[in-house]
Protein chains: 2
Amino acid sequence: MGEESGRSTERPMRADAQRNRAKVLEAAIELFAARGLAVSVHEIADHAGVGTGTVSRHFPTKEALFDAIVRARVEQLVRQARRLAAEREPGDAFFEFLALMVEEGGTDRGLADALAGAGFDVERAATDPDHDLDAAIREILSRAQASGAVRGDVDATDVRSVIEGCIARERHGQDAAARRRMVTIASQGLRS
Amino acid sequence: MGEESGRSTERPMRADAQRNRAKVLEAAIELFAARGLAVSVHEIADHAGVGTGTVSRHFPTKEALFDAIVRARVEQLVRQARRLAAEREPGDAFFEFLALMVEEGGTDRGLADALAGAGFDVERAATDPDHDLDAAIREILSRAQASGAVRGDVDATDVRSVIEGCIARERHGQDAAARRRMVTIASQGLRS
DNA sequence: CACCAACCGGAATGTGAGTTCCGTTTCACG
DNA sequence: CGTGAAACGGAACTCACATTCCGGTTGGTG
C-alpha cells in the first residue's frame with residue numbers, strides 16, 4: 001500500500017528520505033517507460049543514485065514500485081476518459097479515447113506491460129473507482145454504442161484487446177505511423 | 001541447428017536416443033502449447049520421463065527446443081496460407097487465413113508467444129522460404145489488396161499486430177467466442 | 001551541540017531458472 | 001555374450017534476480 005510522499009498521520013518522513021523516494025520514483029518512471037518490467041531493481045537504484053536497500057525500503061517489492069507508477073498513470077487515463085465523455089459526442093469520445101490509449105501505451109512500455117496483464121493486478125486496482133480503467137472503458141463504450149457509433153456486439157475486454165493489438169510492442173521498433181494505421185483499422189472495425 | 005530424428009549422414013542415433021528425443025518433443029509440444037515459454041526445462045523433462053541432461057543433449061538450449069517446435073508449426077501455417085491462396089478468391093483466402101491464424105494462436109500459447117516475438121527469431125526463420133511466415137502473409141495480403149477486398153494502406157506487420165490483438169491471451173481465460181468477435185472486428189477494420 | 005532514531009549503501013543471502021558434468025546404465029556390434 | 005562407445009539421470013554448478021541485513025551515517029530535536 002505505498003502511499004503519497006507527504007503522509008499526514010504517523011509523523012513526516014525525514015527530508016533525505018523524501019528526496020530519495022522521489023529520486024527512486026523518477027528513475028523508475030523513466031526506466032519502466034523505456035523498457036518495461038524488464039529493468040532490474042539494481043538498474044533503478046543506480047540510475048537514481050541510491051543503493052538497492054533504499055529502493056526496497058521505500059517500495060518493499062519491485063511489484064509495489066511498478067504498481068505505484070502504473071496506478072498513477074491509470075488514474076490519469078481514467079480522468080481523461082471522463083473528460084472526453086463529458087466534452088465530446090459519444091462516438092468521438094470513444095474513438096479519441098481509443099487513440100489516446102494507444103498513443104500512451106505505445107510510448108510507455110511499462111504501461112503496455114501492465115495493460116497486457118504483466119505484473120499489475122487489474123482486479124485489485126478496480127476496487128477504487130479512480131483506478132478502474134475497465135469501468136471507464138465500459139462507460140465510454142456503452143455511450144458510443146447507444147449513440148449507434150460503435151457496433152453493439154463488443155464489450156470492454158474486446159476494446160482492451162484491440163488496444164493491445166494496436167500497441168503491438170516488442171518487434172520492429174514501435175513506430176508512430178504504424179500505430180496510427182492500427183488505430184485506423186481498429187476504428188473502422190469497431191464502427192457500426 | 002536441431003534437425004530431424006532420422007539423420008542420414010553421421011551414422012544414425014541409437015534407438016533409445018531416438019525414443020527419448022521423441023518423448024521430449026512430445027512433452028514439450030504439449031506443455032508449450034498449454035503454458036507457453038513459461039514452462040521450465042525441469043517440467044518438460046519430468047513430463048517426458050527423462051532427466052534434464054537428456055533434454056539438454058538433444059536440444060542444447062531451451063530456446064533451441066522451443067525453436068524446433070515453433071518452426072514446425074510455422075511451416076504448417078505457411079503451407080496452409082499457400083493452399084488458401086491457391087484455392088480461394090483473394091479476399092476469402094486472406095480472411096480465412098486471418099481466422100485460421102487467430103484460432104491457432106489462441107489455442108497454442110507457445111505459438112502466441114512466438115508470434116509476439118518472445119524467444120523465437122523471426123528474422124532467422126525467414127531465411128528459409130518454408131518458414132517465412134511474413135512472406136506468406138505479404139503474398140496473401142497483396143493479392144487481397146489487388147482484388148480490392150482489403151484496404152491498401154496496411155502492410156504485413158499490421159496484419160501480424162491485428163492477429164496478436166485478436167489472440168490477446170494472458171487475461172480473462174482466452175475464450176473462443178471473444179476470439180471470434182475479435183476476428184470480426186479485425187476483418188471489418190481491414191476491409192476496403 | 002549532542003544524541004539517537006531514522007536512514008543509508010551495498011555486500012550477503014535466498015531463489016529459481018538453465019546448463020554442465022560425470023558416474024552409471026544401456027545399446028549394438030563383433 | 002562381452003565390450004566399448006553412446007546415452008542416461010540428476011546432482012551440482014552458474015547466473016541473474018529480488019530481497020534482507022547490518023555497520024556506518026545523517027538529520028532533527030531537546
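Here is how names work: the chains are called A, B, and so on, in the same order as the sequence lines, proteins then strands, and each is numbered from 1.
At a threshold of 4.5 Å between non-hydrogen side-chain atoms, the residues A:R191 and A:F95 count as touching.
Listed by chain and residue number, B:F66 satisfy the ring-ring contact (aromatic ring centres under 6.0 Å, His included) test with B:F32 (two or more places apart in sequence, or in another chain). With sequence neighbours excluded, the residues that form a side-chain contact (heavy atoms from CB on, under 4.5 Å) with A:T184 are B:R151. Scored by the salt bridge (Lys or Arg N to Asp or Glu O under 4.0 Å) test, B:R138 finds no partners at all (sequence neighbours excluded). When the salt bridge (Lys or Arg N to Asp or Glu O under 4.0 Å) test is applied to A:R19, no partner is found at least two apart in sequence or on another chain.
In this structure, A:R83 fails the cation-pi test against A:F97, since its NZ or CZ atom is not both closer than 6.0 Å to the six-membered ring centre and inside 45 degrees of the ring normal.
Once you apply a 4.0 Å limit to the heavy atoms of chain B, the touched nucleotides of DNA chain C run 5' to 3' over C:dG18 to C:dA28.
Residue B:N20 has a polar side-chain atom (N or O) positioned under 4.0 Å from OP1 or OP2 of D:dC8.
Taking a 6.0 Å sphere around CD of B:E89, one finds it holds 12 or fewer heavy atoms contributed by other residues, nucleotides or ligands.
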Base contacts versus sugar-phosphate-only contacts with protein, heavy atoms under 4.0 Å: please encode nucleotides 15-30 of chain D as B, S and - from 5' to 3'. ---BBB-----BSS--
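In summary, B:E75 and B:R71 do not engage in a salt bridge, as defined by a charged side-chain N under 4.0 Å from a carboxylate O.
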